[in-house]
A.B. asks: 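Below: one structure in structure tokens.
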There are 2 protein chains.
Amino acid sequence: MSAVGSPALPSPHVRAKRRRRRAEILEAALRAFRDQGYHATTLDDIAARVGVRKTALYHYFPDKEAILYACHRESLLEVGRLIEEARRGYGTAAEQLAHVIREHVRLMTDTLQGSPFAFDVGALSPGHERRVIAARDAYERQLRAIIEEGVRRGEFAAVSPKVAVFAILGAINWIARWYRPEGPVGGAELGRQFAEHLVGGLTCRRAR
Amino acid sequence: MSAVGSPALPSPHVRAKRRRRRAEILEAALRAFRDQGYHATTLDDIAARVGVRKTALYHYFPDKEAILYACHRESLLEVGRLIEEARRGYGTAAEQLAHVIREHVRLMTDTLQGSPFAFDVGALSPGHERRVIAARDAYERQLRAIIEEGVRRGEFAAVSPKVAVFAILGAINWIARWYRPEGPVGGAELGRQFAEHLVGGLTCRRAR
DNA sequence: GTGGAATTTGAACGCAGGTTCAAAATCCGA
DNA sequence: TCGGATTTTGAACCTGCGTTCAAATTCCAC
């Protein structure tokens with residue numbers, strides 16, 4: 001071990017093992033919260049999905065709310081990238097918006113990482129709730145900016161960007177409530193159909 | 001009182017009073033469930049909104065789940081009428097769908113009666129859950145039928161009616177998560193914008 | 001006015017679930 | 001191998017909340 005009186009850092013191997021366990025717990029929690037809701041999900045539920053007793057969870061997370069917050073954080077990291085990718089990869093607002101929709105749907109269906117966007121934030125501590133809401137607001141503002149640009153360029157009808165974003169996010173977030181990966185429609189195809197429907201509702205109306 | 005041995009029916013006045021109290025409890029519960037979710041709402045919460053102690057609620061409902069189920073039933077009664085009205089009042093699929101969307105949005109925003117559509121059904125007893133799901137499925141089938149007819153007539157693009165209905169209901173149900181009646185957009189205007197966006201996304205694409 | 005019905009109340013109970021704790025088991029680096 | 005670190009466990013604790021109960025209060029129909 002290291003010098004006397006100086007606590008040793010765990011080895012890289014032990015740190016990696018701990019990270020894997022945390023990731024496993026978070027994935028189990030994410031699925032449980034998505035299936036049943038935060039309040040209806042018990043620590044016993046999550047622990048059972050991992051294969052341990054619930055008291056083991058306290059070795060990795062201080063409490064249940066911290067698990068929920070970690071799920072939110074991972075989700076926000078994922079969606080945070082979508083806008084940058086859209087801006088970099090596409091020239092028109094319609095293409096950018098379609099990309100974000102497709103990718104957001106993929107997060108809801110393939111990795112389920114987008115599911116926390118559908119979670120109520122009321123179960124978070126006040127500080128955590130503020131942070132999650134701030135990040136969600138930033139994402140929504142970026143979506144609104146894309147729509148505003150589309151309206152300005154004449155690509156989109158003169159809609160309220162705020163209302164349009166709520167409608168789009170509502171359609172996407174609701175996927176957590178009904179989509180099952182074993183169903184007949186794959187995530188990519190679902191994303192394509194959602195993008196056509198939701199972007200189409202903006203682009204075509206300008207012709208009237 | 002009535003004849004010995006024969007329990008008296010309450011008078012019309014007492015029955016009316018009882019109905020008003022039940023309606024008051026259901027409205028308070030509906031708002032509390034919508035604001036906080038079923039599990040995070042306590043009977044103390046609901047009772048406080050009514051102005052009684054929680055034990056008084058047991059005079060009108062056998063338990064907490066019965067209150068939730070009654071909220072669902074009222075909501076389903078309301079939305080059940082939308083399709084009939086749409087079929088009677090409009091000739092094209094686009095007009096019918098637009099009407100249902102506008103009116104469903106109104107239920108979400110004005111009376112809040114549509115909010116239970118956004119609630120998870122997991123908290124209901126198995127029997128109640130089956131009934132609520134059956135009624136929701138019937139509503140979704142009717143929406144799909146409108147869209148199928150629109151596709152058949154060439155009014156709508158060749159979309160998957162199932163996916164389109166999920167997208168539409170997702171956008172509408174999500175209103176319970178963000179809409180506040182004191183905000184700048186009224187329910188009627190919101191309904192109009194949602195109808196334009198969501199129906200527009202179906203009608204225009206057939207031109208391509 | 002009054003007896004009975006209806007409604008509400010405060011107190012109490014029981015239990016589920018989040019959390020703590022100390023001991024046991026497993027892992028790991030030297 | 002082995003001592004110490006890490007992880008997991010079973011037991012226990014505590015609290016919040018749904019529910020029950022008996023008594024008190026209010027309402028109502030005659």
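The sequence lines fix the lettering, A, B, ..., with proteins before strands; numbering per chain opens at 1.
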A.B. asks: Give a yes/no on whether any side-chain N or O of A/R18 is located under 4.0 angstrom from OP1 or OP2 of D/dT7.
C.D. replies: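 So the side-chain polar atoms of A/R18 do come within 4.0 Å of the phosphate oxygens OP1 or OP2 of D/dT7, strictly under.
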
A.B. asks: Relative to each other, are the rings of B/Y38 and B/F33 parallel, tilted or perpendicular (30° and 60° limits)?
C.D. replies: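 Answer is tilted, since the angle falls between 30° and 60°.
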
A.B. asks: Send over the distance from B/R19 CZ to C/dT7 C1', rounded to a whole Å.
C.D. replies: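 Roughly 17 Å, once rounded to whole Å.
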
A.B. asks: Round to the nearest Å and state the distance from B/R15 atom CZ to D/dA29 atom C1'.
C.D. replies: 14 Å

A.B. asks: Considering every strand and a 4.0 Å limit on heavy-atom distances, what is the contact class for B/Y60: base, sugar-phosphate, or nothing?
C.D. replies: sugar-phosphate

A.B. asks: Rounded to whole angstroms, how far apart are CG on B/L57 and C1' on D/dT19?
C.D. replies: 11 Å

A.B. asks: Does A/R21 put a side-chain nitrogen or oxygen below 4.0 Å from OP1 or OP2 of D/dT8?
C.D. replies: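 The answer is yes; a side-chain N or O of A/R21 sits under 4.0 Å from OP1 or OP2.
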
A.B. asks: Rounded to the nearest angstrom, tell me the gap between atom CG in A/L43 and atom P in C/dT20.
C.D. replies: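 In whole Å, C/dT20 P and A/L43 CG are 11 Å from each other.
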
A.B. asks: B/F61 CZ to D/dT20 C1': how many Å, rounded?
C.D. replies: 19 Å

A.B. asks: Taking OP1 and OP2 of D/dT8, is either one under 4.0 Å from a side-chain nitrogen or oxygen of A/Y58?
C.D. replies: no

A.B. asks: For the rings on B/H104 and B/Y139, is their centre-to-centre separation under 6.0 Å?
C.D. replies: yes

A.B. asks: Where the side chain of B/K64 is defined as all heavy atoms beyond and including C-beta, which of D/dG18, D/dT7, D/dG10 is the nearest nucleotide?
C.D. replies: D/dG18

A.B. asks: Would the base of D/dG18 count as contacting B/K54 through its side chain, where contact means a donor and an acceptor less than 3.5 Å apart?
C.D. replies: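 Side chain to base: pair present.
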
A.B. asks: Looking at D/dA29, I'd like to know if its phosphate oxygens (OP1 or OP2) sit under 4.0 Å from a side-chain N or O belonging to B/H13.
C.D. replies: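 False: B/H13 side-chain N/O out of range (4.0 Å or more) of D/dA29 OP1/OP2.
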
A.B. asks: On DNA chain D, does the nearest nucleotide to B/V14 precede the nearest nucleotide to B/D44 from the 5' side, or the other way round? Give the residue.
C.D. replies: B/D44

A.B. asks: Between C/dT8, C/dG29, D/dT20, which one does the side chain of B/V52 approach most closely?
C.D. replies: C/dT8

A.B. asks: Would you indicate which nucleotide in D/dA29, D/dT9, C/dT9 comes nearest to any side-chain atom of B/R53?
C.D. replies: C/dT9

A.B. asks: Between atom NE2 of B/H13 and atom CZ of B/R15, what is the distance when rounded to the nearest 0.5 Å?
C.D. replies: 12.0 Å

A.B. asks: Below 4.0 angstrom from OP1 or OP2 of D/dC28, is there any side-chain N or O of B/K17?
C.D. replies: yes

A.B. asks: Tell me the interatomic distance from B/I67, atom CD1, to D/dT19, atom C1', rounded to whole angstroms.
C.D. replies: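 Nearest whole value for this atom pair: 12 Å.
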
A.B. asks: How about A/H197 and B/F156: are their ring centres within less than 6.0 Å of each other?
C.D. replies: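 Distance test on ring centres: not under 6.0 Å, no.
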
A.B. asks: Are OP1 or OP2 of D/dT8 and a side-chain N or O of A/H59 less than 4.0 angstrom apart?
C.D. replies: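 No.
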
A.B. asks: How long is the span from the CD1 atom in B/I172 to the CZ atom in B/R106, to the nearest 0.5 Å?
C.D. replies: 12.5 Å

A.B. asks: State whether A/T55 places a side-chain N or O below 4.0 Å from either non-bridging phosphate oxygen (OP1 or OP2) of D/dT8.
C.D. replies: no

A.B. asks: Identify which nucleotide among D/dG18, C/dT9, D/dT19 has an atom closest to any side-chain atom of B/T42, counting heavy atoms from C-beta outward.
C.D. replies: D/dG18

A.B. asks: May I have the distance from A/L68 (atom CG) to C/dG18 (atom P), rounded to whole angstrom?
C.D. replies: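 Result: 12 Å.
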
A.B. asks: Nearest to the side chain of B/S11, heavy atoms from C-beta on, is which of C/dT9, C/dG18, D/dA29?
C.D. replies: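 That would be D/dA29.
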
A.B. asks: Roughly how many Å is it from CD in A/E65 to C1' in C/dT19, rounded to a whole number?
C.D. replies: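 In whole Å, C/dT19 C1' and A/E65 CD are 14 Å from each other.
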
A.B. asks: Among B/E65, B/R131, B/R130, which residue satisfies the side chain to side chain donor-acceptor pair (under 3.5 Å) criterion with B/S125?
C.D. replies: B/E65

